[in-house]
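Heads up: the structure comes next, in structure tokens.
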2 protein chains.
Amino acid sequence: MTQSSVALGNDNGNGNVIRLAVSTVIFALRPAKHPSKKWDIVMPVVLRTRDPHEGKWALPGGWLREDEGLAAAASRTLAETTGLHPAYLEQLYAFGAVDRSPTRVVSVLYWALLRADAVQQRATPENVEWFSVDGLWGLAFDHDEIVQYALWRLQNKLDYSGIAQGFLPELFTLSDLREVHEAVLNKPLDPANFRRQVEGSGEIVPTDQFRKGSHRPARLYRTNSEVALASHGPLKPDTQ
Amino acid sequence: MTQSSVALGNDNGNGNVIRLAVSTVIFALRPAKHPSKKWDIVMPVVLRTRDPHEGKWALPGGWLREDEGLAAAASRTLAETTGLHPAYLEQLYAFGAVDRSPTRVVSVLYWALLRADAVQQRATPENVEWFSVDGLWGLAFDHDEIVQYALWRLQNKLDYSGIAQGFLPELFTLSDLREVHEAVLNKPLDPANFRRQVEGSGEIVPTDQFRKGSHRPARLYRTNSEVALASHGPLKPDTQ
DNA sequence: TCAAAAGTGTTAGCTCTACACCCATGC
DNA sequence: GCATGGGTGTAGAGCTAACACTTTTGA
């Protein structure tokens with residue numbers, strides 16, 4: 001083995017160049033049709049108007065530009081698709097199988113949460129459509145698999161982080177938060193136990209405001225700004 | 001917003017090309033100097049012989065080739081550095097900050113485990129050195145940060161997966177396994193509780209063989225092939 | 001017989017879960 | 001008052017951590 005064959009940077013500077021895309025699985029909430037739960041999880045997808053996979057729906061994304069970081073590219077294409085900025089953005093995975101596209105493309109995937117109040121009435125470009133994640137199949141490329149993986153990450157992250165708050169506005173009740181959890185996990189949760197669990201976590205702080213409605217007013221909470229939405233370990237939140 | 005500005009693949013095919021590197025944080029065990037624990041965690045790093053960062057140590061890696069997947073590139077450069085194949089390989093993160101290198105480079109990082117018995121007496125290329133992760137600072141680029149993140153992932157993964165077995169040969173005792181956990185977590189573990197915990201997990205299966213030594217023979221176990229070393233969720237183990 | 005590691009048993013304390021119950025409001 | 005969601009209390013199951021104890025070997 002020659003010395004030059006080893007080690008990044010003992011290269012000759014002629015590294016192969018690769019086309020690098022950044023795409024994002026964007027999660028948002030929409031009032032559920034079926035009254036058994038309050039919210040459906042939806043995501044925007046984009047109609048492909050060219051080959052490969054013309055006529056199929058694909059995750060929004062675009063090419064990484066020379067002068068922007070990966071998360072910045074995700075944020076930019078997300079804004080182009082939805083007109084919005086994400087409440088939460090995290091890298092999902094880098095996909096680079098040789099045969100995942102007819103031409104070689106490496107894709108860095110992100111996943112994002114949008115706040116329910118922001119999504120309300122946003123004009124969407126005509127080639128963008130929002131679908132419930134439940135029956136969402138037949139996407140272009142390997143995007144079906146990617147969506148399932150992103151959903152798995154979202155469900156996992158609920159357990160040990162305050163990620164669900166990313167869907168909610170600044171002030172919310174414990175019922176609001178529980179309904180988000182129920183929508184993501186697809187199962188009902190005990191209100192009493194949920195309350196204690198989330199109150200003990202320190203992820204939210206009570207305010208002295210209440211939401212008046214049809215019944216007993218519910219206390220409003222806000223996200224504890226001392227605690228990050230999610231733990232990234234020793235990595236800084238995401239400004240690469 | 002024009003339609004062409006939205007969506008991966010409604011591109012014009014002229015996506016910017018990027019230099020894409022794949023590097024790996026490679027963990028192995030080495031008998032500890034200090035007798036308080038049995039193993040030290042070590043990793044190979046490569047001396048940079050060119051700018052940028054000439055004279056510093058860097059993580060082993062190389063440029064992604066046109067005809068290989070990301071994991072394949074990690075495996076290849078790992079073999080070039082150590083002469084070995086990894087017992088476990090997992091993607092860590094994609095780093096793409098614009099200023100992380102003087103010229104724009106996106107790096108997909110992997111982390112890997114080597115089996116203790118394989119590492120024993122392997123000839124190492126002369127520009128490669130193995131260091132304990134404990135006091136390992138001053139690496140090239142952002143590699144210090146990357147190493148800490150990889151170590152954090154390794155420690156986390158110990159709790160909920162049979163990853164520690166990746167360090168061990170086919171047959172091992174419960175003490176062997178516990179000593180690996182102690183080395184990674186840097187704290188002593190109760191042998192009795194550790195036994196029950198790992199026996200109940202189904203990650204290992206007892207054999208009818210015993211290791212004879214200086215004291216009461218210890219039963220040998222092997223990895224349960226029905227259970228993967230680690231959970232990747234709905235993603236297939238790693239052949240991208 | 002003794003030291004040391006292998007392996008088993010036991011208990012106190014904690015968390016989790018299910019569910020009973022009370023509280024405050026609009027109608 | 002009464003229906004409804006907000007909010008509190010509590011007992012049993014199950015898990016965890018600490019540590020006492022027994023077993024089996026080599027020396």
Side-chain angles (χ1 to χ4, degrees), chain A residues 31-32 35-39 155-156 158-162 164-165 168-169 171-222, chain B residues 31-32 35-39 155-156 158-162 164-165 168-169 171-222:
Chain A
S36 65
K37 56 176 180 172
K38 185 143 183 205
W39 302 103
Q155 288 171 337
N156 266 276
L158 269 201
D159 290 337
Y160 58 92
S161 78
Q165 300 154 52
L168 294 173
L171 296 177
F172 51 86
T173 67
L174 289 173
S175 290
D176 291 340
L177 190 58
R178 179 171 46 80
E179 283 158 358
V180 172
H181 279 250
E182 288 173 340
V184 173
L185 299 176
N186 247 309
K187 67 176 183 188
L189 299 172
D190 184 306
N193 295 332
F194 181 81
R195 162 183 300 273
R196 275 181 293 253
Q197 180 185 317
V198 76
E199 274 180 337
S201 73
E203 284 154 5
I204 59 172
V205 289
T207 69
D208 50 4
Q209 296 174 264
F210 290 81
R211 172 178 303 163
K212 299 195 183 276
S214 49
H215 300 295
R216 174 174 173 177
R219 185 180 292 277
L220 290 168
Y221 290 76
R222 72 171 73 248
Chain B
S36 65
K37 56 176 180 173
K38 184 143 184 205
W39 302 103
Q155 289 171 337
N156 266 276
L158 268 202
D159 290 337
Y160 59 90
S161 78
Q165 300 155 50
L168 294 173
L171 296 176
F172 51 86
T173 67
L174 289 173
S175 289
D176 291 340
L177 190 58
R178 180 171 45 81
E179 282 159 359
V180 172
H181 279 250
E182 288 174 339
V184 172
L185 298 175
N186 247 311
K187 67 176 181 188
L189 299 172
D190 183 307
N193 295 331
F194 181 81
R195 161 183 301 272
R196 274 182 293 252
Q197 181 186 316
V198 76
E199 275 179 337
S201 72
E203 284 154 5
I204 61 173
V205 290
T207 69
D208 49 4
Q209 296 173 264
F210 290 81
R211 173 177 302 162
K212 298 197 183 276
S214 49
H215 300 295
R216 175 174 173 177
R219 186 180 291 276
L220 290 169
Y221 291 76
R222 74 171 72 248

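Just so it is clear: chains get the letters A, B, ... in the order the sequence lines come, proteins before strands, and each one is counted from 1. In this text, all values refer to a predicted model and were calculated from it rather than measured experimentally.
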For the pair A:Glu203 (side chain) and A:Val198 (backbone), establish whether a donor and an acceptor sit closer than 3.5 Å, ignoring hydrogens and angles. no
Residues in residues 189-212 of chain B with a heavy atom under 4.0 Å of DNA chain C, by number, are B:Ala192, B:Arg195, B:Arg196
Sorted by number, residues from residues 172-180 of chain A placing a heavy atom under 4.0 Å from DNA chain C are none
With side chains defined as the heavy atoms from C-beta onward, is the minimum distance between B:Gln165 and B:Tyr221 less than 4.5 Å? no
Is there a side-chain contact between B:Leu174 and B:Ile204, using heavy atoms and a 4.5 Å cut-off? yes
Does any pair with a residue in residues 207-219 of chain B pass side chain to side chain donor-acceptor pair (under 3.5 Å), and if so which ones, sequence neighbours excluded? B:Asp176-B:Arg211
Quick check for you: among C:dT25, D:dG6, C:dG7, whose closest atom lies nearest to any side-chain atom of A:Pro217? C:dT25
Using side-chain hydrogen bond (donor to acceptor under 3.5 Å, both in side chains) as the criterion, list what pairs up with A:Gln155, not counting sequence neighbours. none
For atom NE2 of A:His215 and atom C1' of C:dC22, their distance in whole Å: 17 Å
Euclidean distance, atom CZ of residue B:Arg216 to atom P of C:dA5 [Å, nearest integer]: 14 Å
So ring-ring contact (aromatic ring centres under 6.0 Å, His included) across residues 171-194 of chain B, not counting sequence neighbours, yields B:His181-B:Phe194
Looking at CZ of B:Arg195 and CG of B:Asp190, how far apart are the two atoms once the value is rounded to the nearest 0.5 Å? 11.0 Å
Across all chains, not counting sequence neighbours, the ring-ring contact (aromatic ring centres under 6.0 Å, His included) partners of B:Phe210 are none
